[in-house]
Amino acid sequence: MNIYSVADNIISPLGSSTEENFVAMLRGQRGVQKIEAGHLFPEALYAAYAGDLLQEPLEEEEAERANWKAYTRLEKGFIRSIAAVLRTVPGINKQRLVLVISSTKGNIDLIGREGTGAVGAERIELPAMAQAINSFFKLPHAPVVVSNACISGVSAVLVARKLISMGLCDHALVAGGDLLDKFILSGFQCLKAISEEPCRPYDADRKGINLGEAVGTMLISNDPALNTNKDAFSLIAGGGQSNDANHISGPSRTGKGLKIAVGNALKSAGLAGKELGYINAHGTATLFNDEMEAIAFSDLDLQELPLNSLKGYFGHTLGAAGVVESIITIRQLNRGLLLQSPGYASSGVSRSLNVLQENQQAHRLQYALKTVSGFGGCNAAVIYGKA
Amino acid sequence: MNLGITAYSELNEKGLYKNGILLLANEGQEPFVPFAKEVYRFLNPVYSKFHKMDELCKLAFLATEALLSEDKISSNAEGADVALILGNRSSSIASDLQHLESYRDSSNYFPSPAVFVYTLPNIMLGEICIRHQVTGENSCFLMQAPDGRFLYRYVQHLFEQEAYQQCITGWVDYKAGNYKACLFLVEKAAVNKPVLRKFDYDFI
């Protein structure tokens, strides 16, 4: 059974539709900006903050139906993003639709509070957050919530693909989101993983990550007729997931887990590595992550494929990353245009990689590989094909 | 495909159980941390990383030790042939609250990597993978209550479509001193091990 991504949306500092985001990226705009010391964090830092874009009221008559105060900032972002996707498929059968939420920390801004106004304290729990979003859209089935650290978004896409091939549903809305919050900033700062300048994935002078916030939604379906925008249409050709079984907060030195995940993705897609045309890698710009990826891609003989990391545009958006970056992967595939990997000037990894230093035409692309790796030692890979 | 449960374990406020048999009772009705220490001494895994773990990971680790104590991941299954699929409700809330205390007051600011790295629910899966060299799919699903129907169908699909040989599945949740872990080792029913329980919608 072929399973497709048929519609999508991104809300990030670069815009509140996929097209706005992609056009901004083509122009070289960055969502990562200097944020002055203040309410977000006591020190100045580089990060991608979406501000009110996440919570502007919904368009149309939906706004009247919605008691907007009853939702948190992140839930509003999820609702806006999902509503944008559902608007493209007005006739979809909700009885055959399941919502799959990807998030690492959900409503983490509620932690330590007794609940704020119309939002109860229980919404700190991811299942309660997902249920609130599910109820907004009056979806009849319980939502599925995936929380696999930084691989959550790609995990959620692969879970959606499984739910459809198991026959549990025909369509799945995969929505990934996380906030830029003091909880996460203070944690990554104490790990000494945050760069004090815009991040530079794979570069010799890379000094760590920039964090970001975003929400992305993909509609995954076995019905290609739901697609109304060719740029958003893609075959989910295969996927794989693994664990390094090595360390909870650092990647394997050998790229073992990532190689297993990519190997499984190729096997399930029935493809050889040489049939891939492009890699959208994780590229967090930490020393260890980028080095691990370089070793894995080189060992897999994929080192010549054009490759980029989108972290310089969006920052690391945690549970949103796999979804948002998948959506941009699909855009690049369909437009035959690959984006520059921001921050890269000279190689700082031990194996050679073909990191994109400027936007590049790529009209003959057929298959693209998207990879992610995360805390807990987990890795995931998904292959998108031109549909 | 005909799958069966070849071992199961449970760790809760009353005690530690393996295949339905009580291994160690929490006779003193101890809170989790001291009781976990007792369970650790009883199982004696000799694993110094245990002492660094947060409550959720200790809970998941001990329940897995009990689960696999006699039936180590069978020798013919490679680590990549084993999947780990867990359900959880409260995420890493105990470590989350501890991390919160370290940054909420700017005059007393002391975030620690030793706490922060445990502020994700899937870290417990990572700890199990490291201990037992599991390199297959590991997924953490958050749900209000154990959803046997979902976990059963998902695991069944992994065996049928992705050729996994073994899967550790079940529920691990820790919140404010209340806790429960119940884990199941699922294998193809044809293996040379007795099936102790049926693997179906009601397995959990």
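Labels below follow one simple rule: chain letters A, B, ... track the order of the sequence lines, proteins then strands, and each chain is numbered from 1.
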*Go through B:Arg89, B:Gln133, B:Lys49, B:His99 and name the one with the most non-hydrogen pairs under 4.5 angstrom from chain A.*
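With the most close heavy-atom pairs to chain A, the winner is B:His99.
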*Using a cut-off of under 4.5 Å for heavy-atom pairs, which of B:Ser102, B:Pro113, B:Ala80, B:Pro121 has the most such pairs with chain A?*
B:Pro113
*Does some side-chain heavy atom of B:Thr119 sit less than 4.5 Å from a side-chain heavy atom of A:Lys105?*
yes
_In the structure I gave you, are the side-chain heavy atoms of A:Ile111 and B:Asp96 within less than 4.5 Å of one another anywhere?_
yes
Please state whether the side chain, the backbone, both or neither of [X] comes within less than 4.5 Å of a heavy atom of chain A.
X        : value
B:Leu84  : neither
B:Gln161 : neither
B:Thr135 : both
B:Phe110 : neither

Which residues in [range] have any heavy atom closer than 4.5 Å to a heavy atom of chain B?
range                       : answer
residues 139-148 of chain A : A:Val144, A:Val145, A:Val146, A:Ser147, A:Asn148
residues 183-196 of chain A : A:Phe183, A:Ile184, A:Ser186, A:Gly187, A:Phe188, A:Gln189, A:Cys190, A:Leu191
residues 122-134 of chain A : A:Glu125, A:Leu126, A:Pro127, A:Ala128

_Nearest heavy atoms of B:Gly126 and A:Asn243, plus distance in Å_ =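 Heavy-atom minimum between the residues: CA-ND2, 4.0 Å.
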*Give a yes or no on whether the backbone of A:Phe375 and the side-chain of B:Asn122 come within a donor-acceptor separation of less than 3.5 Å.*
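Indeed, once roles are kept as given, a pair shorter than 3.5 Å links the two residues.
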*Taking A:Gln241 for its side chain and B:Ser139 for its backbone only, find out whether a donor-acceptor pair lies under 3.5 Å.*
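Looks like no, no N/O pair under 3.5 Å.
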Side chains of residues 258-270 of chain A: which donor-acceptor partners sit under 3.5 Å, not counting sequence neighbours?
| unit_1 | atom_1 | unit_2 | atom_2 | d |
| --- | --- | --- | --- | --- |
| A:Lys259 | NZ | A:Thr254 | O | 3.3 |
| A:Lys259 | NZ | A:Asp299 | OD2 | 2.6 |
| A:Ser268 | OG | A:Gly239 | N | 3.0 |
| A:Ser268 | OG | A:Gly239 | O | 3.3 |
| A:Ser268 | OG | A:Asn264 | O | 3.3 |
| A:Ser268 | OG | A:Ala265 | O | 3.2 |

